[in-house]
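Quick notes on the structure that follows.
Start at 1 with the first residue, then count along the sequence.
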Amino acid sequence: MNKNERFVITINRELGSGGRTVGRKLAERMGVEYYDKAVIKGLQEKFNLTIEEIEKLKGHKYGWWASFKRQMTGSVVSSNMYIPRVANEADKLNTHKVFQAETEILKGIAADESCIVAGRSGFFVFRDHPNHLSILIQASLPSRVARLVRKQGISEDEARKTIEQVDEMRENYVQEFTKTSRYDTRNYQLVISMDHMTEDAAVDIIMDYINKQS
């Protein structure tokens, strides 16, 4: 990946691994926007971005995402605009139309700016992007449980059940729409285990990898 040209970095992460924080810190370090499930879902709900509405926007003379952003008011593309609780992660699978709308939103973003995308099957959506880095952030189960207990203030049993539920939901989601597994390391250029590692250290590893590629 060449950081001096328009790029997209996708981060798939296990719940409780710290991958969301790594993504945000990496975006800050690189001076680009960070997009995750919360932001994309927030955009869809706030502006009714169905695939039909996106098709209308794409008919504009200029890039539809750039045109759309000019119409937005306030800091709409902030990761704080829509933050679901962990327990809400395990909702039913999205329909194909919703997945298609999400894909178009992500492609519109990447066509207009360099960005970091967490989740949303980004490794698959951008598999043919000419300047794409795909990363998997993972951690051992005990480490993930401990993080959820600390961050969410829940019991170890609750944390373990939540992780199992979200893992199953995310794997089903990926298999449904990409026909591959989120755990298949062939989908990534870089895989990082967060056991005994800080988020800042993980960002350092990613930046070192990027600098060596540029």
Side-chain angles (χ1 to χ4, degrees), residues 1-14 17-43 49 54 57-58 60-72 74-81 99-139 174 178 180 182 184-194 197-214:
M1 189 200 88
N2 187 347
K3 67 179 181 181
N4 298 314
E5 298 179 359
R6 186 176 298 163
F7 63 81
V8 57
I9 297 174
T10 58
I11 298 178
N12 211 336
R13 77 272 187 222
E14 292 183 312
S17 66
R20 182 184 298 246
T21 302
V22 171
R24 287 176 177 161
K25 285 178 174 287
L26 180 63
E28 291 174 2
R29 185 88 64 92
M30 301 193 75
V32 300
E33 292 285 356
Y34 170 80
Y35 298 92
D36 63 6
K37 174 182 177 179
V39 175
I40 300 304
K41 185 167 183 174
L43 285 170
L49 287 180
I54 291 172
L57 288 168
K58 288 170 68 177
H60 292 180
K61 181 178 180 180
Y62 303 105
W64 77 265
W65 173 253
S67 176
F68 174 68
K69 278 210 303 186
R70 285 194 292 270
Q71 299 173 34
M72 296 190 299
S75 181
V76 180
V77 290
S78 167
S79 60
N80 294 321
M81 62 170 287
F99 177 77
Q100 189 178 359
E102 289 180 346
T103 297
E104 292 300 329
I105 291 171
L106 292 175
K107 287 184 175 180
I109 291 170
D112 188 57
E113 63 187 69
S114 292
C115 59
I116 295 174
V117 175
R120 316 320 295 154
S121 300
F123 72 86
F124 179 80
V125 172
F126 295 108
R127 64 194 183 282
D128 296 323
H129 191 284
N131 200 25
H132 168 218
L133 173 63
S134 182
I135 302 170
L136 174 64
I137 305 291
Q138 58 185 17
V174 170
T178 73
T180 186
R182 63 195 293 262
D184 188 340
T185 57
R186 291 172 295 184
N187 292 317
Y188 312 99
Q189 283 81 53
L190 191 60
V191 179
I192 299 175
S193 172
M194 294 298 295
M197 184 182 298
T198 66
E199 290 90 350
D200 287 324
V203 172
D204 288 340
I205 290 173
I206 296 170
M207 289 301 303
D208 183 59
Y209 181 88
I210 291 172
N211 289 332
K212 288 180 179 177
Q213 299 297 308
S214 300

**Report entry** Donor-acceptor contact present, side-chain E14 to main-chain A139, <3.5 Å
**Finding:** yes

Query raised in the report: Mind checking whether K25 and D200 have side chains closer than 4.5 Å, heavy atoms only?
Result: yes

Query - Nearest-0.5 Å distance, NZ of residue K3 to CE of residue M207 - result: 5.0 Å

Query raised in the report: Is any side-chain heavy atom of M30 less than 4.5 Å from a side-chain heavy atom of I210?
Result: yes

Query raised in the report: What residues, two or more places apart in sequence or in another chain, satisfy ring pair (Phe, Tyr, Trp, His ring centres under 6.0 Å) together with F123?
Result: Y188

Query raised in the report: Going by heavy atoms in the side chains, are I192 and I206 under 4.5 Å from each other?
Result: yes

Query raised in the report: Distance from H132 atom NE2 to R127 atom CZ, nearest 0.5 Å?
Result: 11.0 Å

Report summary line: Shortest non-hydrogen pair, C115 vs I109, comes out as SG-CG2, 3.7 Å

Query raised in the report: What's the shortest heavy-atom distance between E199 and G18, and which atoms?
Result: CG-O, 3.9 Å

Report task. Please test Y209 against I135 for side-chain contact (heavy atoms from CB on, under 4.5 Å), starting from the C-alpha separation and ending with a verdict. Result -> CA-CA 11 Å; Y209 181 88; I135 302 170; over 6 Å; no

Query raised in the report: Hey, mind stepping through I205 and M197 against side-chain contact (heavy atoms from CB on, under 4.5 Å) and telling me if it holds?
Result: CA-CA 11 Å; I205 290 173; M197 184 182 298; 3.6 Å; yes

Requested in this report: Determine whether H129 and K107 make a side-chain contact, defined as any pair of heavy atoms from C-beta on separated by less than 4.5 Å.
Outcome: no

Requested in this report: Measure from the side-chain N and O atoms of Q138 to the backbone N and O of S193, and report whether any donor-acceptor pair falls under 3.5 Å.
Outcome: no

Query - 4.5 Å side-chain heavy-atom contact, V22 and R13 - result: no

Requested in this report: Measure the CG-CG distance between N131 and N4 for me, rounded to the nearest 0.5 Å.
Outcome: 9.5 Å

Query - Reported CZ-to-CD1 distance for the pair R20 and I137, which is rounded to 0.5 angstrom - result: 13.5 Å

Query raised in the report: Heavy-atom distance under 4.5 Å between the side chains of F126 and V117, does that happen here?
Result: yes

Query raised in the report: Any side-chain heavy-atom pair from K212 and D208 closer than 4.5 angstrom?
Result: yes

Query raised in the report: Which atom pair, heavy atoms only, marks the closest approach of I11 to G19?
Result: CG2-O, 4.4 Å

Query raised in the report: Once you round to the nearest 0.5 Å, how far does OG1 of T180 lie from CZ of F124?
Result: 9.0 Å

Report task. Give, for atom CD1 of I9 and atom OG of S114, the distance between the pair rounded to the nearest 0.5 Å. Result -> 8.5 Å

Report summary line: Hits for side chain to side chain donor-acceptor pair (under 3.5 Å) against R29, two or more places apart or cross-chain, chain-then-number order -> D204

